[in-house]
Amino acid sequence: MSDSTPTSLPVTPRPERARRHRQLPPGPSWHTAAWNTVKFARQTLSFLQELRERYGDLVTRPSVLGPWTLVFHPDGVRHVVQENHFNYRKGGISHQVLRLTLGNGLLTNNGESWLHQRRLIQPVFHRQRIAAFGRLMTESALAWTEETNIDTQQPLDLFQEMSGLTLSIVCQALFGTDMLVHKERVFQATSTINHLEAQAFYVPGLLSLPTPQRYRLYEARNTLYTVVDELIAKRRQASTENDLLTMLLQARDEETGEGMTDEQVRDEVVTLMAAGQETTSNALCWTLVLLAQHPDIEARLQQEYQQVLGGRAPQIEDLPQLKLSRMVLEESMRLYPPAWAFARSAIDEDEIGGYLIPKGAYVLVFPATTHRHPDFWERPDVFDPERFEPSRAAGRHRFAYFPFGGGPRVCIGNQFALTEAQLILATILPRYQFRLLPEANVVPEPLITLRPLITLRPRGKLLMTIHRQGG
Ligand code: HEM
């Protein structure tokens, strides 16, 4: 297995020459911009792989909106998100539209203001604090099995089901029991926003001009804001709740002792709701699909659940013993990273692997492509959870695998997501078997949208039947 760390970035056969001539990374010619845009939208993942194989690990892709720099090699990813992160900020058109709903929350914020917020919020997501939500996660998964029409031959749209479950968990973690009163309004508004933001990618100006859609976006956004504002006011008066909202309100700057304004808390809350839902739901769906396609691995997983849990519901303390379960989840996020791509804008001119990155360049990194890079992964397309065994993972390039990003802007909710996904799986899998319909052709759909994190979900409905284990 070639999971070793190369010492330099082999992005080009002629880096010295490129440096002398200050060349842009190679890529398809400008005449093909329109065709490439169509191909990118239609066959995104295979097109990216084709570009990497043809032009190398750093590619300039002409697009109708201007050139994009695509970074496939882990050294390049590390350069952008970690080593020279000061030069790469969140930006672009999608960013402007996202700010309409997420305001100045962590995902869309930049510079000093972002750093200040990140420092305030980081302790709220500390592993020990997240542990307090373990019970909520398991109980919500149990409630889902009770409320859902299980044990029938009627297929369920699993994507819809898992989205509902993860939205309910993140909202209850944020708002505690108050969430129950507002659940329907929040779910409705969130779904409208997701829908409009997905449409906006294909219709430039849909949300940035005064269109009816923009009006509907504002309506849905205002519903969310009203709910969150009410809860903030309630908590400011008195709070006995131990939820994320209370923790955010209590967060203080270590030096000045100052907390956040109500508006900033609201932006952070809406951001956490948006960033923390569809991603985790996608991770769960892909894991269930992969297990249905690999019954041998599912059988071994069942043995592990039986040995560790012996039929009882899981608790957070069980997770270190559920080793295969963790590796299955990691491998599923390797093959189908829920956030399959993310982007930055270059503040100033830079150089990667000897190539010029112009000021203002739109730079993209792709977990979906790098996670299958043949220089770093043996048999990259095969589902093999054991590659995450510590002995095999040791020495692997830090950025050969980055489902949660990396550097200072690494996902703040990664512990929350990993705990949640493992507890949900350990609750539902020992009780139920998930089976794909024989005619199901599950194809990843890399959404190219204006959503907070561009996600990889199954195309169309993900129809599965659910059967009681041993039944
Ligand atoms: C499997 C689930 C998840 C995946 C794969 C995921 C992935 C990511 C990635 C790749 C980034 C970095 C994006 C970039 O650098 O541009 C990110 C950022 C972020 N994520 Fe997650 N995420 C997940 C779950 C969550 C959860 C559960 C929450 C909160 C409850 C959350 C909150 C955030 C926030 C606030 C940021 C922005 C952090 C910053 O810029 O300081 N995520 N996530």
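Both counts, for ligands and for their atoms, begin at 1 and track the order of listing. Basis for what follows: all heavy atoms, side chains included, without hydrogens, waters or symmetry-related copies. Start at 1 with the first residue, then count along the sequence.
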For ligand 1, indicate whether the residue [X] contacts it via side chain, backbone, both or neither (heavy-atom separation under 4.0 Å).
X: R118; result: side chain
X: W114; result: side chain
X: F416; result: side chain
X: R344; result: side chain
X: A275; result: both

Has R266 got its NZ or CZ under 6.0 Å from the middle of the six-membered ring of Y225, at an angle within 45 degrees of the ring axis?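 The answer is yes, since R266 meets both limits relative to Y225.
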
Distance-only side-chain donor-acceptor flag, [X] / [Y], under 3.5 Å:
X: Q188; Y: E184; result: no
X: H373; Y: D57; result: yes
X: D375; Y: H73; result: no
X: R118; Y: Q122; result: yes

Among A274, A339, G276, which one has a heavy atom closest to atom 27 (C) of ligand 1?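 Considering heavy atoms of A274, A339, G276, the nearest to atom 27 (C) of ligand 1 sits in G276.
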
Quick one: which of L102, T279, V124, L107 has a heavy atom closest to atom 3 (C) of ligand 1?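 Minimum heavy-atom distance to atom 3 (C) of ligand 1 goes to T279.
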
If you count the atoms of ligand 1 from 1 in the order shown, which ones are under 4.0 Å from a heavy atom of [X]?
X: G405; value: 10 (C)
X: P403; value: 5 (C), 7 (C), 10 (C)
X: I412; value: 34 (C), 35 (C)

Verdict with reasoning, Q172 to S168, per side-chain hydrogen bond (donor to acceptor under 3.5 Å, both in side chains): CA-CA 6 Å; Q172 285 184 73; S168 162; 3.1 Å; yes

Go through it in stages, so that I can follow the logic: the residues are R235 and T246, the test is side-chain hydrogen bond (donor to acceptor under 3.5 Å, both in side chains), and I'd like the CA-CA distance, side-chain angles, deciding distance and then a yes or no. CA-CA 7 Å; R235 294 285 196 291; T246 305; 3.2 Å; yes

Contact check: R409 vs ligand 1, nitrogen or oxygen atoms, below 3.5 angstrom: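 It does: an N or O of R409 is found under 3.5 Å from an N or O of ligand 1.
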
Taking the inter-plane angle between the rings of W286 and Y336 on a 0 to 90° scale, is it parallel (under 30°), tilted (30 to 60°) or perpendicular (over 60°)?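 Parallel: the ring planes of W286 and Y336 meet at under 30°.
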
K90 heavy atom under 4.0 Å from ligand 1: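 Checking ligand 1 against K90, which is what was asked, there is a heavy-atom contact under 4.0 Å.
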
